[in-house]
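Okay, structure first, notes after.
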2 protein chains.
Amino acid sequence: MTGHTRSGRRPASIRDVADAAGVSYQTVSRVINGHPSVRPATRARVEAAVAALGFRRSATAHALASGRTRALTVLTSNTTHYGYAAALRGIEEAARAASFAVGIAVLESEEDEVVRDAVRRATDTGGGLIVIAYDRPGVRALQLLPDDAPVVAAVETPATTPPPGSPWVWTDDRAAAHRMTRHLLDLGHHTVHYLAIPSTTDSTGTGTGDGAQRAAGWRDALREAGRPIPEPRPAGWEPADGYAAGQRLARDPEVTAVLCGNDALALGVLRALREAGRDVPRDISVAGFDDAPHSAYLTPALTTVRLDFTGLGRATFALLHGLLEAGEPVTPHPVAQPELIIRESTGPAPRPPR
Amino acid sequence: MTGHTRSGRRPASIRDVADAAGVSYQTVSRVINGHPSVRPATRARVEAAVAALGFRRSATAHALASGRTRALTVLTSNTTHYGYAAALRGIEEAARAASFAVGIAVLESEEDEVVRDAVRRATDTGGGLIVIAYDRPGVRALQLLPDDAPVVAAVETPATTPPPGSPWVWTDDRAAAHRMTRHLLDLGHHTVHYLAIPSTTDSTGTGTGDGAQRAAGWRDALREAGRPIPEPRPAGWEPADGYAAGQRLARDPEVTAVLCGNDALALGVLRALREAGRDVPRDISVAGFDDAPHSAYLTPALTTVRLDFTGLGRATFALLHGLLEAGEPVTPHPVAQPELIIRESTGPAPRPPR
DNA sequence: CTGAAAGCGCTTACAG
DNA sequence: CTGAAAGCGCTTACAG
């Protein structure tokens, strides 16, 4: 009923179709590849045979013979995190539209052996590569890839204009952090504290970004306003990390505004603050980054920066597709402007700036 | 530096290795396949050549020649939803350990053309199949798969013992819903309302479960206690759906306890209730299903049912692996017991049962 | 416009 | 224990 061969039978090959249509198998190859020089009548006969036998070209034979495979694999950390899942979704959408198969290889840690193994698995497939390099494992994978691998990466905002030819795509987090900090300052807060997600910059300093463009945007805004710049507080990626940081934040009467490196962190902060009896936004304003699906429904609803991860994923595929099909050089560039989403978790400073 | 061939060069083939080692290429084939009958000395020479040339067997040539491919593709809906992402994670983890490549094909809707296309893409890969059939698109995919496709599915709790040979795995949602409802009743609530996620049962009645085992468990508990059984309230999967339902719930002074089909729904309900001035859990108790990562950090922290999606994903792969490698028959069975997580969103009924 | 040949990089029997 | 042959299902030049 699906047009497939009946159970148990070997799937129809190009020769079966040729026999059924009374032509040679190379003619069949021509019609399934849309080659122009085939007489309409024979083309029709072949197409009829294809339909009758439920023929589907073997992707693996095609790949072996042609050296090209309409496939890509994405190298990524835990796709259980919103940004990663959304980027994957964008990639899959675009790949599907172009009939590319998509594989996935997850990077469990940043250890060399682990990353190297993932890179091997990803390249063995023989298709293109997309790496989600928002974190250390991703950046490491990018470094360990063979030079000639066809790859495009979604990265953190680079610190400086990347060298031409860097196959990178990103959202302008620095500008976004700047605007959000400005928003907080405009609300009358004397300064704003920053809760940092881990940096991608490794010990050798070879990340794609400087590992802290969100922090950099925040710092710029503070400096421009001539405000004190508190030490950024390092945290992880998870609500639990935000919770721990939030408990410390709650003890410091000086802090009236905190910008979190992502929404998950903000969620933990909100909880810790509440438990400590500090009201948001009356006593403290909290802003996030990402606009995860649940953020709009929290109480207070989270003020955050909307990042178009899905669009980023799509862009990443578009570039890879151009590279693979047309050999178009990939040019590094930012995609989709981040958008400030002001909700309930930010408000006027509890007292006038000193 | 990764042991790969230098840029631009064709990767080493089995013949290159044979030449370097001074043996025939079938001997090379033997050593890379761990065939026993190879003299230790020649094995060593071949291994040295493999290392020197950075040889990696072509997965596609291997697949074509052997007819077997260590690969699987998972058919799933939007992996941006927690349960799906977590199941995918479990599958990937297990597949990685067994050196299987994992592909992904997403089901954008339940329309026949869309599902059929996804099924085609998934089967073209030539490996095993795992379908996440928690929803209509997934169930439809299961139906459209060719009979001889090697497949294992994660499904809703079946209504009755599935026929032997059904390649199904599930968590016992019915029992879990029963226990959660019991918990609410024990708290003194006269009855509990149910907010339903969409059923997998399609118009022809051919779902895998009856599409409502969470509802069934809830109903059982109510019946056993001799309590009134309110009409289940249909909702979607998203917080927005829960929010809309929550607004209606808030207007009904009779409802003091609601069990939601998933945590996302519960999140929306919590928000709507708060906006309506109804306190949780003082006025109304709310329970979820899933234990999504953010649920513990909400205020009030969400009482919910922890479902081991990752374990389910792993189980799904284990079954497929057995089927593919050893031809072991797959047996339908439940995995990992769901666990009640009592937090802050459920509490004593506002007034004694009538 | 269409067919015969060689080859993609492996594996699978079959000999020795 | 090891080598020569055929074949997996296609594509890519090359003839005609």
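The basis for the numbers below is simple: all heavy atoms, side chains too, and nothing from hydrogens, waters or symmetry mates. Just so it is clear, the structure is predicted and the values come from calculations on it, not from any experiment. Below, read A as the first sequence line, B as the second, and so on, with proteins coming before strands; counting in each chain starts at 1.
Listed by chain and residue number, A:Thr73 satisfy the side chain to side chain contact (heavy atoms under 4.5 Å, CB included) test with A:Thr125 (two or more places apart in sequence, or in another chain). With sequence neighbours excluded, the residues forming a side chain to side chain contact (heavy atoms under 4.5 Å, CB included) with B:Ala85 are A:Thr80, listed by chain and number. For A:Asp308, the salt bridge (charged side-chain N to carboxylate O under 4.0 Å, His left out) criterion is met by no residue, not counting sequence neighbours. The side chain to side chain contact (heavy atoms under 4.5 Å, CB included) test applied to A:Thr60 returns A:Ser58, B:Ala63, B:Leu64, not counting sequence neighbours. With sequence neighbours excluded, the residues that form a side-chain hydrogen bond (donor to acceptor under 3.5 Å, both in side chains) with B:Tyr84 are B:Asp135.
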Dot-bracket line, read 5' to 3' along DNA chain D, where crossing pairs take [ ] and | marks a partner on another strand, Watson-Crick or G-U under 3.5 Å | |||.||||||||.|||
Do nucleotides 6-16 of chain D as a string where each nucleotide becomes B, S or -: B if the base has a protein heavy atom under 4.0 Å, S if just the sugar-phosphate does, - if no protein is that close.
-> BBBBBBS----
Using distance only, find each side-chain donor-acceptor pair of residues 94-103 of chain B under 3.5 Å and give its atom names and separation, not counting sequence neighbours.
from, atom 1, to, atom 2, distance (Å)
B:Arg96, NE, B:Glu92, OE1, 3.1
B:Arg96, NE, B:Glu92, OE2, 3.2
B:Arg96, NH1, A:Glu108, OE1, 3.2
B:Arg96, NH2, A:Glu108, OE1, 2.7
B:Arg96, NH2, B:Glu92, OE1, 2.6

Side chains of residues 36-45 of chain A: which donor-acceptor pairs under 3.5 Å do they make with residues two or more places apart or in other chains?
from, atom 1, to, atom 2, distance (Å)
A:Ser37, OG, A:His35, NE2, 3.0
A:Thr42, OG1, A:Arg39, O, 3.0
A:Arg43, NH2, A:His35, O, 2.9
A:Arg45, NH1, A:Ala21, O, 2.9

